[in-house]
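Some notes on the structure that comes next.
Since the structure is predicted, the reported quantities are computational estimates derived from the model, not experimental observations.
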Amino acid sequence: MTAGLLLSVQQPATAGPNLVKNPGFETPGAGGGAAMPDCWSQSGWGDNDFTFATVADAHSGTKALRVELTRRVDGDRKALVTESAACAPAVQEGKQYDLSLWYKSTTPDTAITLFRHDTTAGWQYWTDLKTLDLSAGYQRAEVRTPVVPPGTDRISWGVSVFGTGSATTDDYGMEEVTVPAPDPECTGTAADCADGRWEVLETENPVRSMHSVVLNNGKVLLIAGSGNDPEAFEAGTFTSAVYDPEDGTYTTIPTPDDMFCSGHVQLSDGRVLVMSGNKGYPSADGTIGYQGYKDSYVFDPATETYSRTNDMNDGHWYPSATIMGNGDVLSFGGLREDSSGSVTAERWSAAEEEWLPTWQVNQTWSYWGLYPAMVLMQDGRLFYTGSHTFGNGTPGTGSSIYDYDANTVTDVPGLRNKDERDQSTSVLLPPAQDQKVLTIGGGNIDSNPEANRLTDIIDLKEPNPRYRAGPPLPQGTVDLGGPGGPQPQTGAQGKMYGSAVLLPDGKVLETGGALHNRAAPVFSTSVFDPVTETYDVVATDPKARGYHSSAFLLPDGRVMTTGDNPGNGSWNHQVSLYTPPYLFKGPRPEITSLIDPEWNYGDTQRITVDRPIAKAELIRPAAVTHSSDPNQRFVDLPLTVDGNTVDLNVTGNPNLAPPGWYMLFAVDANGVPSVAEWVKLGGPAALAEKSAHGGHHDFAGELAKPAKKPVKKRSSVPVSPQISGCDRHYGSANVCVPTVFPDTVKATKRRTVTQARCDWLASNGYGALKVNGKDDPLRLDPDGDGRACASQGVPSPSGD
């Protein structure tokens, strides 16, 4: 009700010429009779009964246009500006436009929908701008378009009806607006303003954390468990810490179980669901691998304590975790308690606050691998991006769409080198409404090639989506362990273990990584622009950030990086903070008032700002581990602007923005963001059912590959005990001697294979390694004394 009152008094932001032709439908169409008015067309899809009619119930003049659905199974019907050069308004790249209309509605399922004409690809859906409230009398609605992207010369728009009932509209308006940009200024050095600045904090992270979750109070939960330290595991010493960016302090948190390599996700109330973890390390002889337990916990940011939930149905060391539009969580993959691969899908019920029994969860009995990146699509399906941990990708194309309701998996083509995307990173690009996913880099710890520079992009709005090649990842320097220090990357050298972070200016920061399995750190950072699909090289984190590192956005707009766990078992406790260039561009806009921090889907929420802004968005806080954060998303909030008073139009589709706490940023025309305000997005219980059916647009509905039905029920799949790419015949469980050495580590005329491997281990800081048992598959103990590389001058283990 409040949102409706706010809109009813909203005034136009500008008073330019109206770019809509026949805005009041007074000019009839060429066909006469029941034909649509001139420059207006019928559109829509799906199984529904509908009528389009020009009626006398006008806001002004003599005519209005009514769209009505009397029966609906799916789909929608739209009255749109005709998609032609004669009717569709011309627009300019980089500009924004205020759209307005007067309407009545007997259904809440209506939205202002926008299409754009791409000069290369033709007409295509752009976005839904706002949901219209129920209204018995005429009400004015106004909303501002996003910035017109490159290659767009015209737009078409109108009202979609996707529920039973009608919408009657009249007096459309479209005006070009100019969002004033502050005068450019630089508050740092020239390098700061171009590339940003890194600083390494004096206070170190007290725990060996490989899991980072930004909490809804702005603090950061850092989970270590045993921290990949077998001695801590044996002692039952499990740790977490909470970092407070406001004062730079850490609070160590009692941790009830070994959450090392667990899964985690924020629930809709802000608590953190932590699932599975490490039940046991591999045996010294390499016959038993890592084991995942069934335990599950919830962390409460208010009390900073863990509480036990019911158990999962199976063990899941390295599980996925994706929150759905109704607040449920789906989880796949990982290793069971016996080290085999789990094929059991798990579902956390938001309503019952527990894991559902297996028989209540749809099962395909698929093995998705470890940390499979499962991104929620706008219609409630899951997109498996192909990013995963350890070894080869899934059979087939390496990426797929999983339809939970139909319980089918459909391969999606185009992902290049699908078996070298081990510990690549994937991200749903800004804004989530565009449904584009970027996958970056990767390698393969089984074959241990040099990590690649591949980036691949997929548009999930296409009828038959497929990956296409993106620009190659920029190269930095790589430390190969030689005497000269880091050297420039050459050839096709890229990175695995990288991180991707959504920024409030609508770009993506990628940083960190390594060239090989837990070795050869890569020093490079760049920013990807989803609009131009280009990378911009920026300042580089001075610290190595490879295996078990994390990078994430803080509410103040900076990026924090932590961790690094190379194969020699050491850990980097130093923390870096990146200040992006947008924080050196002068004063930041400020959100001076926020009427309500609790939002419903389809709301219009009012804020005031201290200066004009160009856009606003919600960013879901990070829950990242092992280069994976499939729940990270940037949701655009179309604006209705009256000076410094701004109404934000919230999506009505919970699959675009699953329920929970978000960071709200306001961004000016120079890309400078405010400090975030925290808002909680949710809605009535009825939206839970609605979310299962997704939005009203038909995307990815014509998949060329046939859907695969569930395989025969099975308990697990066999997985090698050395799945982590580490040969357990040497050293302790936290040390990773690679089962396959890099190609450059080979015999020459002057050195044997053993010497080459021992030299490589020494240059990478491995030190003394005990041989476990009598087998020596890597030929590191030629004299058989039980000490790896001892005859090559490497110190022997203590006590030998």
Any donor-acceptor N/O pair, [X] side chain to [Y] backbone, under 3.5 Å:
| X | Y | value |
| --- | --- | --- |
| Asn517 | Asp446 | no |
| His548 | Asn228 | no |
| Gln632 | Leu502 | yes |
| Asp422 | Phe390 | yes |
| Arg72 | Phe162 | yes |
| Arg728 | Gly286 | no |
| Tyr467 | Thr385 | yes |
| Thr425 | Ser627 | yes |

Please determine whether ring pair (Phe, Tyr, Trp, His ring centres under 6.0 Å) holds for the pair Tyr318 and Phe332, giving the CA-CA distance in whole Å, both sets of side-chain angles, and the decisive distance to 0.1 Å. CA-CA 9 Å; Tyr318 278 57; Phe332 305 88; over 10 Å; no
Under a 3.5 Å cutoff, is there a donor and acceptor pairing between the side chains of [X] and [Y]?
| X | Y | value |
| --- | --- | --- |
| Ser342 | Asp314 | yes |
| Thr562 | Tyr243 | no |
| Ser424 | Ser387 | yes |
| Asn278 | Asp258 | yes |
| Gln435 | Asp459 | no |
| Trp355 | Ser296 | yes |
| Tyr662 | Arg620 | yes |
| Asn392 | Asn444 | yes |

Between Pro245 and Leu554, which heavy-atom pair has the shortest distance, and what is it? CG-CD2, 4.0 Å
Once the angle between the rings of Phe233 and Tyr281 is folded into 0 to 90°, is it parallel (under 30°), tilted (30 to 60°) or perpendicular (over 60°)? perpendicular
In terms of the angle between their ring planes, are Tyr371 and His626 parallel, tilted or perpendicular, with boundaries placed at 30° and 60°? tilted
Could you go through the salt bridge (charged side-chain N to carboxylate O under 4.0 Å, His left out) check for Glu598 and Lys680 one step at a time? CA-CA 5 Å; Glu598 297 204 12; Lys680 184 181 181 183; 5.2 Å; no
Does NZ or CZ of Arg347 lie under 6.0 Å from the centre of the six-membered ring of Tyr404, at an angle within 45° of the ring axis? yes
